[in-house]
Amino acid sequence: MSRFDDMIQGLREEVEIPDSVWRGYTRTLAELPERGGYKNRSGRGKNKYSSRKSGRISGGMSVLKAAALVLAAVTLLGTGAYAAGKHFGILDFLRGNGNESAMPPVEAEELIVPVAEEEQEKTEITEGMAADYTVKEAMCDSESIYVVLEAKAKERGRYLFVPEDAIAEDPVRDFGIDSDMSVSEYAADKNLEIMHVNAGIQNMDELGIAVSTIYFQWVEDDVMDIMVECGKTMKEQTLDVVCTGILRDESMTSMEDILRTEIRFSLTDISASEAVVYAPAGTAQIPGSSGIIEKAEVVQTKLGTYLEILYKDDSEDWNGGLSFRLAGDAPEKEHRIRMASGTELLSEGEYFWKLSLEKMEFGDSILLEAYDVETKEVYGTIELVKEQ
């Protein structure tokens, strides 16, 4: 290891360097003609909720240029800026999922935007809300939305914030605390009240969101960062997003008891997208069903590649079990990355299926596999070809 590697590694141990700075450093290393290459990120794997992966990348002999990027950023921003205002951002959550292929390309990082306090309209729906909810970051393209919120206790030192579905026996390590204690043990040891936190997007129907995934990350005992990730069908450039922050303890048994905050903000799609249409090469019949594929579109954005399939099925005994994946994908990679909308009913007999893929290029044809999402039974394949 060179002396510059030692210097940068030492700096990382002392200062929380933002991902954007660190990835710029490693990208510069890769572009240096004298480089000896760099190692892939490594670290502890994912946990039940989310974990932040830590890792080290060492470069070759000529790292002065890259090291200068990190040093300049820290010097200009100040070492205290990271510790005082640190939150777990979108990239932290995605990396913590343990799926490196799910990380967006470097050029997609410009789509991540901080959301200032003055850009948020907050309303406490219920009295006695014990936490302040704030949107920290957001990102979207034509097909997906990511939002990071932070829940912070108004009265500090009183609560232990845990994910909504955590139970007393769960290890606190699951959501980021470096301890082997369970939730109940940790709270008792520190004399804290357990409070369950959650957040989500409230106006899902307006935005064309079928399902969303929620991730949790401990920051402090009474501070929790939460990421909401979902696919969408609304194609507007500017989206009015309504988020809800939720807080409850074990005594709250009805919906009326649960504490809620509503946050409204605008999110602009600053990405560019391109769509290419594919049609069935031969028969349009979907194997194993009475369904007929009308067309498919491959949508490319900086964030990823999306495959959208439109098909019809007038069968009265349709049971919603039909699913699609790229032929050759193992069952555990049936959706390749994070989101798949599953089957969505557009109108009577007309259905929509979307796959969210890591950034990739398709050729003149795509081979799809039809299967049952529950039993994993494979019905057969169908070829789609690019329309000229």
Side-chain angles (χ1 to χ4, degrees), residues 16 19 41-56 83 86-103 130-137 146-153 156-201 211-230 243-253 258-260 332-333 335 337-340:
E16 190 69 44
D19 280 319
R41 292 182 185 271
S42 62
R44 58 192 177 92
K46 69 176 180 178
N47 57 41
K48 182 177 178 181
Y49 301 104
S50 173
S51 67
R52 190 177 182 217
K53 254 189 167 182
S54 60
R56 179 181 63 79
K86 176 62 185 172
H87 65 275
F88 286 82
I90 292 169
L91 293 178
D92 297 314
F93 276 103
L94 293 179
R95 185 171 296 108
N97 294 344
N99 182 4
E100 286 297 324
S101 67
M103 289 296 293
D132 284 319
Y133 274 85
T134 304
V135 176
K136 293 292 187 178
E137 285 184 0
Y146 300 79
V147 180
V148 171
L149 303 96
E150 186 165 85
K152 180 180 292 186
R156 305 302 303 276
R158 177 178 173 181
Y159 302 107
L160 171 64
F161 283 177
V162 301
E164 166 61 31
D165 59 347
I167 60 175
E169 295 77 18
D170 282 345
V172 294
R173 191 179 298 278
D174 278 355
F175 46 90
I177 300 178
D178 188 13
S179 170
D180 293 324
M181 294 183 181
S182 68
V183 167
S184 59
E185 291 169 341
Y186 186 91
D189 182 66
K190 304 188 79 172
N191 195 29
L192 299 172
E193 299 177 34
I194 298 173
M195 294 291 280
H196 296 259
V197 299
N198 202 358
I201 295 177
V211 294
S212 61
T213 304
I214 316 293
Y215 304 90
F216 300 87
Q217 174 62 54
W218 176 89
V219 180
E220 299 177 39
D221 288 342
D222 51 10
V223 182
M224 183 76 77
D225 283 349
I226 305 165
M227 185 176 80
V228 182
E229 174 188 42
C230 50
C243 290
T244 301
I246 298 172
L247 195 67
R248 69 169 180 88
D249 61 28
E250 297 296 338
S251 69
M252 298 175 181
T253 57
I258 295 174
L259 305 174
R260 301 188 303 280
E332 66 272 12
K333 292 187 66 178
H335 298 146
I337 63 167
R338 308 167 296 276
M339 300 166 294

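These values consider heavy atoms only, across backbone and side chains, with no hydrogens, waters or symmetry-generated copies.
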Problem - Side chain proximity check, Ser212 to Ile201, heavy atoms < 4.5 angstrom - result: no
Handout entry: Side-chain (Tyr133) to main-chain (Ile246) donor-acceptor, under 3.5 angstrom
Key = yes
Problem - Sequence neighbours excluded - salt bridge (charged side-chain N to carboxylate O under 4.0 Å, His left out) pairs with any residue from residues 178-187 - result: Arg173-Asp178, Arg173-Asp180
Handout entry: Distance (rounded to the nearest 0.5 Å) between Arg158 CZ and Asn191 CG
Key = 11.0 Å
Practice task
Working to the nearest 0.5 Å, report the span between CG of Asp225 and OG1 of Thr134.
Solution key: 10.0 Å
Problem - Side chain to side chain, Met252 and Leu259, heavy atoms closer than 4.5 Å - result: yes
Exercise for the section: Specify the closest pair of heavy atoms between Cys243 and Leu149, including all atoms of both residues, with the distance to one decimal. Expected result: CB-CD2, 3.9 Å
Handout entry: Leu94 vs Tyr146 side-chain heavy atoms within contact, under 4.5 Å
Key = yes
Exercise for the section: Would you please test Val219 and Glu150 for side-chain contact (heavy atoms from CB on, under 4.5 Å) and show each step? Expected result: CA-CA 9 Å; Val219 180; Glu150 186 165 85; 4.3 Å; yes
Handout entry: Heavy-atom side-chain proximity of Asp92 to Tyr215 below 4.5 angstrom
Key = no
Problem - Closest non-hydrogen atom pair between Ile194 and Ala187, with its separation - result: CG1-CB, 3.6 Å
Practice task
Could you check if a side-chain atom of Glu229 sits within less than 4.5 angstrom of a side-chain atom of Phe93, using non-hydrogen atoms only?
Solution key: no
Problem - Counterpart residues, side chain to side chain donor-acceptor pair (under 3.5 Å), relative to Asp132 (two or more places apart) - result: none
Fill in the blank from the handout: Distance col, row Asp189:CG vs Met181:CE, nearest 0.5 angstrom, shows 4.0 Å
Fill in the blank from the handout: Asp249 and Ser251 have their tightest heavy-atom pair at OD1-OG, 2.5 Å
Problem - Spatial distance of atom CZ (Phe88) from atom CH2 (Trp218) [nearest 0.5 Å] - result: 8.0 Å
Handout entry: Results of side chain to side chain donor-acceptor pair (under 3.5 Å) for Asn198 - residues two or more places apart only
Key = none
Handout entry: Interatomic distance, Phe161 atom CZ to Ile226 atom CD1 [nearest 0.5 angstrom]
Key = 9.0 Å
Exercise for the section: Applying salt bridge (charged side-chain N to carboxylate O under 4.0 Å, His left out), name anything that partners Asp222, two or more places apart in sequence or on another chain. Expected result: Arg156
Fill in the blank from the handout: The side chain to side chain contact (heavy atoms under 4.5 Å, CB included) partners of Ser184 (sequence neighbours excluded) come to Ala168, Ser182
Handout entry: Minimum side-chain heavy-atom gap Leu160-Lys190 below 4.5 Å
Key = no
Handout entry: Minimal non-hydrogen separation, Val148 against Gly89, with atom names
Key = CG2-C, 4.1 Å
Exercise for the section: Compute whether any side-chain donor of one residue and acceptor of the other, for Asp221 and Tyr186, lie under 3.5 angstrom apart. Expected result: yes
Completion exercise
salt bridge (charged side-chain N to carboxylate O under 4.0 Å, His left out) filter on Arg248, not counting sequence neighbours, yields Glu164
Handout entry: Partners meeting salt bridge (charged side-chain N to carboxylate O under 4.0 Å, His left out) with Glu137 (sequence neighbours left out)
Key = none
Completion exercise
Glu250 meets the side chain to side chain donor-acceptor pair (under 3.5 Å) criterion, sequence neighbours left out, with His196
